[in-house]
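In what follows, every chain begins at residue 1, and chains take the letters A, B, ... in the order their sequences are listed.
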2 protein chains.
Amino acid sequence: MTPQRIGVYRYLLENRTHPTVETVYQALKADSPSLSKTTIYNTVDTLTDAGLIRVIRVGEGEARLDGEIIDHGHFFCRVCGNVYDFDLDNCHLPQSLPGFRMEGFDVHVAGVCAACAEKD
Amino acid sequence: MTPQRIGVYRYLLENRTHPTVETVYQALKADSPSLSKTTIYNTVDTLTDAGLIRVIRVGEGEARLDGEIIDHGHFFCRVCGNVYDFDLDNCHLPQSLPGFRMEGFDVHVAGVCAACAEKD
DNA sequence: TATTATGATGTAAAGATTACAACATGGATG
DNA sequence: CATCCATGTTGTAATCTTTACATCATAATA
């Protein structure tokens, strides 16, 4: 665990906004100007392999980072681009895949969030 | 509807393997050598907007195309890279997002498929 | 202190997708 | 039938995200 890795992890724990790598990079660079974006990518790999964070890809564009690893769904607003969490109370893993080893699980819903829907 | 669009749509209806844009391009270019990959991208946009096909992003790398639009889940094998469909019998959209307009719905499961798990 | 292993940095490359301009086509209109 | 216009296609170039790789820094160890 290096200062850079701790910085990325702390940022993701404190900012539950599903930021992109670029967002994290810009935020942390303010404090440590020598930070490299490659380090962010490497750190994301390391933290993902360690099971501490998750990488989600929803909609187009960049990957989003998520410090919450408990199963939950992601709502992607196609207007503002924000990602919102939601519970998965009534959704369970399928039993219909014999012999398949399931390791990760994510539910993606796309649409328009409440804030953007109101503006119409 | 042009020959190119019909070709892409037919290919996706007949090949339920969640091919990439590149795969579709290579397959169709055999019959019509003048085909451009840009046309595939444009056509995918057109067909997606028309609600005829879906674009799924699961795991890393390229987008995968899917001619099946009825709700179903996608299992991504991290070993062979194949994408498998599964039913969503016991998974329903969450009711916990008031004011949100839900338009699309996808369940992603990552892991190792039966064929690859057997080889261990 | 010298050595070694690991991580960080920055540049360059790769890969996927999009933007854009030129060309082709087909239908509508006079 | 000729012309015009709108739409679609093509190919190149640019963009954007991510990765590869070589170099530098650092910390632990012998």
Q: Distance-only, no hydrogens or angles: does the A:H72 side chain make a donor-acceptor pair with backbone N or O of A:I70 under 3.5 Å?
A: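 At least one qualifying donor-acceptor pair exists.
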Q: For a quick test of reading the model: is some side-chain N or O of B:T38 closer than 4.0 Å to OP1 or OP2 of D:dT9?
A: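 Checking D:dT9 against B:T38, no side-chain N or O comes under 4.0 Å of OP1 or OP2.
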Q: Whole-Å distance between C:dA8 P and A:I40 CD1?
A: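 Value for this atom pair: 10 Å.
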Q: In this structure, how many angstroms lie between the P atom of C:dA8 and the CG atom of A:N42, rounded?
A: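 Taking CG of A:N42 and P of C:dA8, I get 7 Å after rounding.
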Q: Distance check needed: D:dT10 P versus B:K29 NZ, whole Å only.
A: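 So the NZ-P distance, B:K29 to D:dT10, works out to 12 Å.
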Q: Expressed as a whole number of angstroms, how long is the span from A:D45:CG to D:dA20:C1'?
A: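 Taking atom C1' of D:dA20 as the reference, CG of A:D45 is at 13 Å.
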Q: With respect to B:E68, which candidate in B:H18, B:R54, B:R16 satisfies the side-chain hydrogen bond (donor to acceptor under 3.5 Å, both in side chains) definition?
A: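 Result: among B:H18, B:R54, B:R16, B:R16 is the only option passing the side-chain hydrogen bond (donor to acceptor under 3.5 Å, both in side chains) with B:E68.
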Q: Looking at the rings of A:Y84 and B:F100, which for Trp means the six-membered one, are their centres under 6.0 Å apart?
A: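 Centroid separation for A:Y84 and B:F100: below 6.0 Å.
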Q: Within this structure, what is the CD-to-P distance between B:E22 and C:dG15, rounded to whole angstrom?
A: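 Value for this atom pair: 11 Å.
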Q: Taking CE from B:M1 and C1' from D:dT9, how many angstroms apart are they, rounded to a whole number?
A: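 My rounded result for the distance is 15 Å.
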Q: Counting N and O atoms only, with roles assigned by atom type, does the side chain of B:T2 sit under 3.5 Å from a partner on the main chain of B:R5, one being a donor and the other an acceptor?
A: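 Yes.
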Q: How would you label the contact of A:T2 with the nucleic acid (heavy atoms, under 4.0 Å): base, sugar-phosphate, or nothing?
A: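 Sugar-phosphate contact only - A:T2 comes under 4.0 Å of backbone atoms but never of a base.
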Q: Heavy atoms from C-beta onward define the side chain here; which of C:dT17, D:dT18, C:dT9 lies closest to that of B:Y41?
A: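 Of C:dT17, D:dT18, C:dT9, C:dT17 is nearest to the side chain of B:Y41.
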Q: To the nearest Å, how far apart are B:L35 CG and C:dC23 P?
A: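 B:L35 atom CG is separated from C:dC23 atom P by 20 Å.
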Q: Side chain of A:R57 only, please: which of D:dG11, D:dT18, C:dA8 is the nearest?
A: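 For the A:R57 side chain, the nearest candidate turns out to be D:dT18.
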Q: To the nearest Å, how far apart are A:L28 CG and C:dA8 C1'?
A: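 The answer, rounded to whole Å, is 14 Å.
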Q: Taking the side chain of B:A63 as its heavy atoms from C-beta onward, which of C:dT17, D:dT18, D:dT9 lies nearest to it?
A: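 So the side chain of B:A63 is nearest to C:dT17.
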Q: If each of B:R5 and B:Y25 is mapped to the nucleotide of DNA chain D with the nearest heavy atom, which maps nearer the 5' terminus, i.e. the 5' end?
A: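 Whichever sits nearer the 5' end wins; that is B:R5.
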Q: A:S36 side chain N/O closer than 4.0 Å to the phosphate oxygens (OP1, OP2) of C:dA8?
A: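 No, no such contact exists.
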Q: OP1 or OP2 of C:dT9 sitting under 4.0 Å from any side-chain N/O of A:S34?
A: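 Result: yes.
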Q: Looking only at side chains, do B:T20 and B:T23 share a donor and an acceptor under 3.5 Å apart?
A: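 Looking only at side-chain atoms, B:T23 and B:T20 do form a donor-acceptor pair, the distance falling under 3.5 Å.
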